[in-house]
There are 2 protein chains.
Amino acid sequence: MLTMTKKTTSTPHHHGNLREALINAGLELLETGGAQALTLRKCAALAGVSHAAPANHFNGLVSLKVAIMARGHLLFAETMRQASSQAESCPRTQLIAICEGYIRFARTHKTLFNLMFQFDCIDLEGVDDASKNEKRKAGEESYGILKKACLPFEHNGGNSLNTETMVWSLVHGYAMLFANEGASKRAIPSFSEILPNLPLK
Amino acid sequence: MLTMTKKTTSTPHHHGNLREALINAGLELLETGGAQALTLRKCAALAGVSHAAPANHFNGLVSLKVAIMARGHLLFAETMRQASSQAESCPRTQLIAICEGYIRFARTHKTLFNLMFQFDCIDLEGVDDASKNEKRKAGEESYGILKKACLPFEHNGGNSLNTETMVWSLVHGYAMLFANEGASKRAIPSFSEILPNLPLK
DNA sequence: AAATAAAATTGACAGTGTCAATATAGAGAC
DNA sequence: GTCTCTATATTGACACTGTCAATTTTATTT
């Protein structure tokens with residue numbers, strides 16, 4: 001008898017889907033224990049496997065981190081999409097809402113946000129292609145939301161790249177510098193107060 | 001006989017000035033080997049002492065890192081001061097020069113810059129008071145340069161805090177996002193192109 | 001010169017990432 | 001159904017890390 005339509009994407013061998021489980025474990029450790037709690041061995045333990053099991057799915061800790069960064073960008077994009085959908089359609093209102101989503105994500109997921117936008121970029125030598133591709137794709141998705149919201153505007157000579165770059169720099173710097181509880185000593189202006197008046201196209 | 005005028009700030013015991021040497025070693029390791037090369041044991045080895053010697057000067061690795069952040073802010077301030085002194089006195093020219101110094105520092109000292117502006121703030125519980133104070137003071141010094149350059153301008157209702165916050169966010173985000181060689185694929189606008197036109201007071 | 005405090009050393013311990021060797025489960029071929 | 005073979009997971013080891021306790025060395029003070 002032909003066992004037709006047998007699952008081609010069958011759950012692998014022992015665990016089921018360890019790669020996914022390790023990413024989720026990493027996210028959880030990051031949220032609860034901070035950056036230094038993100039450990040290959042802790043992820044493995046949280047997923048219920050031995051300490052060396054992750055090696056079958058990630059070429060070392062860095063590859064897992066890159067996969068987590070990718071996952072973070074998906075959550076990031078979702079936060080901005082949600083903010084956009086709850087705001088009115090006026091271009092400036094939309095842009096502000098998305099930026100506030102940006103900032104809220106940074107505030108809510110400090111450690112993940114920091115990992116995602118690490119400045120001294122992770123050396124991608126030796127990182128899994130899967131993780132790298134996921135990160136690139138998810139990064140483009142999240143950036144695309146901001147980019148789209150900049151399209152109605154014009155800034156410095158009609159080059160839309162100028163607007164994108166200005167807005168992205170502004171919101172990213174604001175999120176980095178002020179989306180921390182520690183900075184609450186000073187009365188920081190809201191983002192809408194520092195966003196320059198952008199003329200519509 | 002009175003041994004008057006004996007050095008009150010005498011060089012301590014064995015090493016001479018191990019605290020300073022450890023900070024310098026940390027800076028060097030950071031520049032040459034990246035973030036993960038900054039290790040208590042490597043610093044100790046580079047300073048020529050045993051692996052546990054740093055404990056006499058820093059309450060753990062985090063305290064050393066905070067001291068290194070402080071030192072970084074001094075270099076940061078120096079870079080911006082130099083940029084300022086080499087530019088003409090026109091307010092906007094001054095501001096742009098200082099911001100370009102900001103960006104140049106980020107580009108030149110990627111890992112140090114990242115450490116200095118780590119988003120998920122280092123837990124300062126248990127950090128040496130000396131390191132904490134150094135960092136606060138040096139941070140105020142570097143920020144003061146930018147702040148001063150914002151004074152001639154007015155933005156959104158005469159509140160100078162708005163101008164500072166806008167400019168700082170903008171330059172910091174720009175430095176974070178684009179002061180990396182990896183981002184050179186796209187043609188990024190220069191900073192002066194994205195700095196909005198700020199009316200003078 | 002003796003006593004005291006500061007600084008550095010040594011040794012140990014629990015974690016960490018990573019590698020090699022081994023065991024095991026599932027997939028496909030017959 | 002059985003047999004291979006590959007993917008996956010385990011175990012054990014290694015070097016390296018931060019940190020602690022005990023000890024020794026050095027400098028200052030009395």
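Per chain, numbering begins at 1; letters A, B, ... match sequence-line order. Remember, it's a predicted structure, so these values are computed and weren't measured experimentally.
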For [X] and [N], what is the distance between atoms [atom1] and [atom2] respectively, to the nearest whole Å?
X: B:Leu38; N: D:dC16; atom1: CG; atom2: P; answer: 17 Å
X: B:Arg19; N: C:dA8; atom1: CZ; atom2: P; answer: 13 Å
X: A:Asn59; N: C:dG17; atom1: CG; atom2: P; answer: 14 Å
X: A:Leu22; N: D:dT8; atom1: CG; atom2: C1'; answer: 12 Å
X: A:Phe58; N: D:dT8; atom1: CZ; atom2: P; answer: 12 Å
X: B:Arg41; N: C:dG11; atom1: CZ; atom2: P; answer: 13 Å
X: B:Lys65; N: D:dT19; atom1: NZ; atom2: P; answer: 10 Å
X: A:Asn56; N: D:dA9; atom1: CG; atom2: C1'; answer: 6 Å

Judged by atom type as modelled, is there a donor-acceptor pair below 3.5 Å linking the side chain of B:Ser169 to the main-chain atoms of B:Met166?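 Answer holds: no.
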Which of these passes salt bridge (Lys or Arg N to Asp or Glu O under 4.0 Å) with B:Glu141: B:Arg81, B:Lys147, B:Arg136, B:Lys148?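 So the option named by the test is B:Arg81.
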Among residues 43-54 of chain B, which contact DNA chain C at a heavy-atom distance under 4.0 Å?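 Result for residues 43-54 of chain B: B:Val49, B:Ser50, B:His51, B:Ala52, B:Ala53, sorted by number.
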Holding to side chain to side chain donor-acceptor pair (under 3.5 Å), I want the full list of residues that pass it with A:Thr79, two or more places apart in sequence or in another chain.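 A:Thr79: no side chain to side chain donor-acceptor pair (under 3.5 Å) contacts found.
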Which comes earlier along DNA chain C counting from the 5' end, the contact point of B:Leu18 or that of A:Ala37, where each point is its nearest nucleotide?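 Checking each residue's closest nucleotide, the 5'-ward one belongs to B:Leu18.
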Working to the nearest 0.5 angstrom, can you tell me the gap between B:Ser50 OG and B:Arg41 CZ?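 Those atoms lie 9.5 Å apart.
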Just N and O in the side chain of B:Lys42: are any of them under 4.0 Å from OP1 or OP2 of D:dC16?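 Result: no.
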With a sphere of 6.0 Å drawn around CD of A:Glu140, does it hold more than 12 non-hydrogen atoms of other residues, nucleotides or ligands?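 Yes, CD of A:Glu140 has more than 12 neighbouring heavy atoms, counting only those of other groups under 6.0 Å.
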Salt bridge (charged side-chain N to carboxylate O under 4.0 Å, His left out): pairs with one or both residues in residues 84-106 of chain B, sequence neighbours excluded: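 For residues 84-106 of chain B: none.
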